[in-house]
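Atoms within each ligand, like the ligands themselves, are counted from 1 in listed order.
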Amino acid sequence: MSKEILKVTNLSVGVGEKQILHNVNLTINEGETHVLMGPNGAGKSTLGTALMGNPKYEILSGEVSFKGEDLLEMETDKRSQAGLYLSFQNPIEVPGISFANFIRSAMEQRGEKMSLWKFKKALKEKMDVLNMKEEYAERDLNVGFSGGEKKKAEILQLLMLHPSLAILDETDSGLDVDAVKTVSTGVEEYHRTQQGALLIITHNTKILDSLHVDHTHVLVDGRIVAEGDGSLVAEINANGFEKYMTK
Ligand code: ADP
Ligand code: MG
């Protein structure tokens, strides 16, 4: 029996005067891997950020339940504590806070306290999976990190925080082949060892090679225009979005 993690019902979202998402419906069950595809400007990032509770995005109508709770009623930090994780297209830099401390305090906020020794051991294990040099842990978060290093840093957070649902917003964009490989190794590890559910927003299907895609959603002009299984990803890669475009 599959357990429902996220249920988005008729969600409409606007920014300023402009409506971006129109009646979006989406259900993700425990451990499932979903892909969200769509042309630039379709509203994919808007969906991710609105779910995280970014106040710039106004919920015009609709409902969202996350593990049975009303997500839209939760403060942003409560959403991540509840197990929702969003990896941004452009991660922020946090001077003055080491990467290790950042992850440790995020874990503590989620109620996961462990000794420093245990934390360091767990961190090292995950960093090894991602082929990250130990020194990164002591550097300020994302400050001076290359694009590839920032992505590794995000995937490391994913492995350490083991959320119930991770939304990866073009985590693989602009990365070289090796970096995409590392990201997909990390994502696969998260999925396999922690039964984490995924909503992957991507144009680069290399990241999907090692994952089984359960469901694909196609977003065009703020509306879900097609749904399918993993084979829809290949279909869109071959033929593009044209047949779904109305204008
Ligand atoms: P995608 O991620 O699919 O490329 P986005 O969600 O980033 O699309 O953007 C969808 C539309 O909403 C675009 O037309 C974009 O310009 C607009 N938009 C997104 N965020 C904002 C914002 N903060 N202010 C104004 N317009 C925005
Ligand atoms: Mg985007």
Side-chain angles (χ1 to χ4, degrees), residues 6 8-28 33-64 66 71-72 75-76 79-80 84-93 142 147-148 150-151 153-155 157-158 163 165-175 179-180 183-184 187 197-208 211 213 215-228 232-233 235-237 239-247:
L6 179 79
V8 176
T9 313
N10 290 323
L11 186 70
S12 293
V13 175
V15 176
E17 295 292 285
K18 191 174 157 202
Q19 183 168 352
I20 297 171
L21 296 179
H22 303 261
N23 294 311
V24 169
N25 289 293
L26 186 91
T27 301
I28 300 178
T33 299
H34 289 231
V35 174
L36 178 63
M37 299 182 91
N40 291 327
K44 305 179 297 295
S45 298
T46 298
L47 179 62
T49 31
L51 290 176
M52 283 316 290
N54 185 324
K56 256 197 225 146
Y57 297 86
E58 192 189 346
I59 308 298
L60 303 172
S61 61
E63 283 164 32
V64 181
F66 182 69
L71 187 77
L72 301 178
E75 301 290 335
T76 299
R79 297 183 194 202
S80 37
L84 183 61
Y85 178 89
L86 173 69
S87 108
F88 294 98
Q89 226 165 330
N90 303 300
I92 49 155
E93 302 191 352
N142 288 330
K150 283 183 182 170
K151 297 300 166 174
E154 283 201 327
I155 300 302
Q157 288 175 57
L158 179 66
L165 172 64
I167 304 172
L168 306 181
D169 190 354
E170 300 197 31
T171 291
D172 48 353
S173 78
L175 298 183
V180 170
V183 167
S184 69
V187 169
L198 287 158
L199 177 61
I200 303 176
I201 301 171
T202 188
H203 292 292
N204 180 346
T205 51
K206 274 262 158 267
I207 195 178
L208 304 176
L211 294 168
V213 176
H215 208 96
T216 306
H217 314 263
V218 182
L219 190 72
V220 173
D221 287 332
R223 292 176 174 87
I224 301 280
V225 294
E227 307 259 4
L232 185 54
V233 174
E235 201 268 315
I236 285 176
N237 270 332
N239 304 316
F241 296 108
E242 205 161 317
K243 76 178 200 201
Y244 304 109
M245 309 284 265
T246 49
K247 344 179 220 217

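When heavy-atom distances to ligand 1 are checked against a 4.0 Å cut-off, Thr46 comes that close through both its backbone and its side chain. Contact annotation: for Lys56 versus ligand 1, heavy atoms closer than 4.0 Å belong to the side chain alone.
The distance from atom OG of Ser45 to atom CD of Glu170, rounded to the nearest 0.5 Å, is 6.0 Å. Interatomic distance, CZ of Arg79 versus CG of Leu84, reported as 8.0 Å (0.5 Å rounding).
Not a single N or O atom of Ile20, backbone or side chain, sits closer than 3.5 Å to an N or O atom of ligand 1. Taking any N or O of Ser45, backbone or side chain, at least one lies under 3.5 Å from an N or O belonging to ligand 1. Here's the thing with Gly41: one of its N/O atoms is less than 3.5 angstrom from an N/O atom of ligand 1.
Here the closest non-hydrogen pair linking Met37 and Ile236 is CE-CG2, 3.9 Å.
Of all the atoms in ligand 1, the ones that sit under 4.0 Å from a non-hydrogen atom of Ala42 are 1 (P), 3 (O), 8 (O). Heavy-atom proximity to Lys18, at under 4.0 Å, picks out these atoms of ligand 1: 13 (C), 14 (O), 17 (C). Residue contact check: Asn40 has heavy atoms under 4.0 Å from atoms 4 (O) of ligand 1.
Using a 4.0 Å cutoff on heavy atoms, Pro39 counts as a contact of ligand 1.
Looking at Lys243 and Glu235, a side-chain N of the basic residue comes within less than 4.0 Å of a carboxylate O on the acidic one, giving a salt bridge.
For Glu63, the CD atom is loosely surrounded, since the number of other residues' heavy atoms within 6.0 Å does not exceed 12.
Note: His34 and His217 have parallel aromatic rings, judged against thresholds of 30 and 60 degrees for the angle between ring planes.
For the Mg ion (ligand 2), the N/O/S atoms of Ser45 include one lying under 2.8 Å.
Between the Thr76 side chain and the Gly53 main chain, a donor and an acceptor come within less than 3.5 Å of each other.
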